[in-house]
There are 2 protein chains.
Amino acid sequence: MPAEASAPTGDGTQAQAGPGAAAAPGRRERVREATLREIKDNARRRLAAEGPPGVSLRAIARDMGMTAPGLYRYFSGLDDLLNAVRADLFHELSAAVAGAAGPLPADDTDGRILASLRAFRSWALAHRAEFSLLFATPAPQDAPDPRVLEAGREFAASFFSLFDRLLAEGRIPLPADEEIGPELRDRLDAFAAKTGFTIDNASYGALRVLMSCWVRLYGLVSMEVAEHMTPIMGDMEPLFEAELQDILSPAGVEYRASHRP
Amino acid sequence: MPAEASAPTGDGTQAQAGPGAAAAPGRRERVREATLREIKDNARRRLAAEGPPGVSLRAIARDMGMTAPGLYRYFSGLDDLLNAVRADLFHELSAAVAGAAGPLPADDTDGRILASLRAFRSWALAHRAEFSLLFATPAPQDAPDPRVLEAGREFAASFFSLFDRLLAEGRIPLPADEEIGPELRDRLDAFAAKTGFTIDNASYGALRVLMSCWVRLYGLVSMEVAEHMTPIMGDMEPLFEAELQDILSPAGVEYRASHRP
DNA sequence: AGTTTTAGTGAACGGCGTAAAGCTTACGGT
DNA sequence: ACCGTAAGCTTTACGCCGTTCACTAAAACT
C-alpha cells in the first residue's frame, strides 16, 4: 500500500501513467542516482564523524535501512566507494578554493590568491577527516583510481590558474633559469609536460616558485589538520598568516590581512 | 624428534640445569622482554609490507605460532601495540637523524644540519609505512598516547638541538621581534614554554625561522612519501635538494651538495 | 609441599568485506 | 497485453578481524 495510490491520474498499473511525463534521464535512472547520492552522503557522514576507518558498507547500509550486499549494485566494493567519495571531495575542495576568489574583482590577483589559499586552509580544518582521506599516504599495494587522479588534476589546476595570472602580469621576481640545476630542470620539464604548462609561458624559475609555494602551504595545512603542533602551541592561525606572507612574497604577491577573521 | 636430542650434557629433566646461570634481571623477565620484542618486530614487518591496515593481532600471533588472545598478556589491545611501535619508531627516527650528524666534526654545524635533514628524508623514504603511521592524521576520537607524545618530543628535541647550535653561533639573520605580530608572539611563547626554549636564548625571530624550516621540510618529505607528485614529476630528489638550499639559507646555513648521492 | 602468579589456549560474540543464490518488482520489446 | 529479462535487494555463508571469558599447564614463590 504505497502512497502513490493517491496519484491523480492513476490506478491499476501505473506502468502506463509513469512514462508519460518522462523527463530525459528516465525515472529509473533518477532513483538510482538518488540512491547513489544517499550512499555517498552516508559515507561522508561517517567519515566526518569517525574518520576513514568508520566508513563501512555494513554500517552505511544499516543507516539506509538495507543490507550491505545491496550496495554492490552501486559500487564494486568499499574501495570503489571510497574512491568515488575522494573524487567528490576533490571537486568540492576545488570549488571551495575557486569560489573564495569569485566575489573579488578579476583584476585583484593578489586578493584572489590570498582568498584561495585561506579557503584551502579553512576547508581542510572544517573537514579534517575528508582532508586526510584525500591526502593520506596510500597503502603500498593499492593502485590509484583514475577518477581520483583526474579530480586531483582538476584541483591542482584550480591552483595553477591563479598562478598563471600572476605570471601573465609579470610581477614575479623569478630566479634565473641558470640558477636551477639540470636535474631539477628535467623534473620540471616532466612536471610541465604532464600539467599542461609549457616552458614558454612558464619558465623554470616560475615552476620552481610554484612548487615551493605549494610545498609550504601543504606542509602547513597538513600539520595543522594532523594537530602535530596544536598541543604545544595552540591556535595555529597566527603562524599560518605569517607563513602566508612569507610564502607569497617570493611570488610577488602583496600580503593583506584578512578583514574577516 | 628435535635436534636438541643430541645435546652433550642433557637428558632427563632440564629444569634442574636451567636456573643455575641466572643473571640479574631474572630469567622470567628476559623471556618476556624477548617475546615483547618479537611481537613488535612482527608488527613492523607487516607494517612495512602491507601498511598500517595490515597490522592485526591475529596475523602477528599466527606468525609467532600462538593465538591472538595470548598477545593480551603483552599489550592491552591493538591500539596499545601500535602506540608502542610508534614510540619505538620515533626513537629510531631520532637516532637516524642524530646518527647522521655523528661522524661529522662537532664544529661543522652546517654540515651536521644538512646531514640530519637529509637523513630525515632518507629514513622517511626507506620506511614509508612507518613514517605515515607516525605522522598520519589521528582519528577524531582517539586520545594521544603519553609514550608516543614523549617520544615525539624527543624527536623534536633532536632537531631543535641542531638549531640551538646555530643560534649560539649567532649566524642567523633573524627577523626583528617587532616584525612578528602579537598573536604569533603569544603562540611562540606557548611553544617555547612547552619545549624548553626560553625567549632569552631564542628570540621570537629565531623560533619563527625554526618553525618555517620545519614546516617546509615536513611538507616536502610528506609529499614525497605520499607520492603526490611522483607520478607527474618522477624523482623528487632534485627538488628536495633545491628546497633544502632555500629552506636553510634564511637560517644562515651554507648549502653544500651531498657528496654521496 | 602447596599456593599463587603467569603464559597461553579454546570457544564465543559481534563486526567487517564480499561472493553466491534466490526472490520481487519494474522495464522493454513484441 | 504479455512475457522475458534485468535491476534492486535480501538471505545465507565464508573467512577475517578485535576482544572477552573460562580454563589449563607450567613456572615462581613460600
Side-chain angles (χ1 to χ4, degrees), chain A residues 1-2 4-5 7 10 12-23 25-39 42-43 46-47 50-83 139 141-142, chain B residues 13-20 22-23 25-39 42-43 46-47 50-84 139 142:
Chain A
M1 30 135 86
E4 269 70 23
T13 68
Q14 62 264 56
Q16 176 192 27
R27 178 204 142 88
R28 190 62 169 257
E29 300 190 0
R30 255 181 323 158
V31 344
R32 183 182 172 82
E33 218 69 25
T35 312
L36 223 134
R37 286 302 288 226
E38 193 185 348
I39 296 171
N42 276 282
R46 293 202 101 87
L47 175 61
E50 312 172 43
V55 181
S56 82
L57 293 180
R58 291 191 123 110
I60 292 170
R62 214 180 299 127
D63 289 351
M64 297 176 57
M66 55 185 286
T67 61
L71 299 181
Y72 279 73
R73 291 279 160 187
Y74 299 88
F75 296 98
S76 70
L78 179 60
D79 280 356
D80 190 39
L81 169 57
L82 286 177
N83 281 328
Q141 67 276 17
D142 48 46
Chain B
T13 68
Q14 63 265 55
Q16 176 193 25
R27 177 203 145 87
R28 190 61 168 253
E29 299 190 1
R30 257 181 320 155
V31 344
R32 185 182 171 82
E33 218 69 24
T35 311
L36 224 134
R37 286 300 288 230
E38 193 185 348
I39 296 172
N42 275 282
R46 292 201 102 87
L47 174 62
E50 311 171 45
V55 182
S56 82
L57 292 180
R58 290 191 122 111
I60 292 170
R62 214 181 300 126
D63 290 351
M64 296 176 57
M66 56 186 284
T67 60
L71 299 181
Y72 280 72
R73 293 278 164 190
Y74 300 89
F75 297 98
S76 70
L78 180 60
D79 280 356
D80 190 38
L81 169 57
L82 285 176
N83 281 328
D142 48 45

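In the text below, chain A, chain B and the rest are named by the order of the sequence lines, each starting its count at 1. The structure presented is a predicted model; accordingly, all values stated were derived computationally and were not measured.
B:Leu36 places its CG atom 13 Å from the C1' atom of C:dA7, with the value rounded to the nearest Å. Atom CD1 of B:Ile60 and atom C1' of C:dG8 are 17 Å apart (whole Å). Distance CZ (B:Arg46) to P (D:dC16): 12 Å, rounded to an integer number of Å. We find that CE of B:Met64 is positioned 11 Å from C1' of C:dG8, with the value rounded to whole Å. Atom CG of B:Asp63 and atom P of D:dC16 are 13 Å apart (whole Å). Regarding A:Arg32, its CZ atom lies at a distance of 15 Å from the C1' atom of C:dA26, rounded to whole Å. Between the CZ atom of A:Phe75 and the C1' atom of D:dG8 there is a distance of 15 Å, rounded to whole Å. Here the P atom of nucleotide C:dT6 and the CD atom of B:Glu33 are 15 Å apart, to the nearest Å.
A:Leu71 is listed as a side-chain neighbour of A:Ile39, based on a closest heavy-atom distance under 4.5 Å. Within the 4.5 Å cutoff, side-chain heavy atoms of A:Leu36 are placed close to those of A:Phe75. Between B:Thr35 and B:Arg73 there is no side-chain heavy-atom pair separated by less than 4.5 Å.
Within the 4.0 Å cut-off from OP1 or OP2 of D:dC9, not a single side-chain nitrogen or oxygen of A:Thr67 is found.
Rounding to the nearest 0.5 Å gives a distance of 14.5 Å between CZ of A:Arg37 and CZ of A:Arg32.
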Could you list the donor-acceptor pairs under 3.5 angstrom formed by side chains in residues 50-60 of chain B, with sequence neighbours left out?
{"from": "B:Ser56", "atom 1": "OG", "to": "B:Ala59", "atom 2": "N", "distance (Å)": "3.1"}

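Applying the side chain to side chain donor-acceptor pair (under 3.5 Å) test to B:Asp80 and every residue at least two apart in sequence or in another chain returns B:Arg147.
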### Summary
For nucleotides 12-25 of chain C, 5' to 3', base contacts (B), sugar-phosphate-only contacts (S) and non-contacts (-) with protein non-hydrogen atoms under 4.0 Å give B---BBBBB-----
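Using a 4.0 Å heavy-atom criterion, one finds that B:Tyr74 contacts the sugar-phosphate atoms exclusively.
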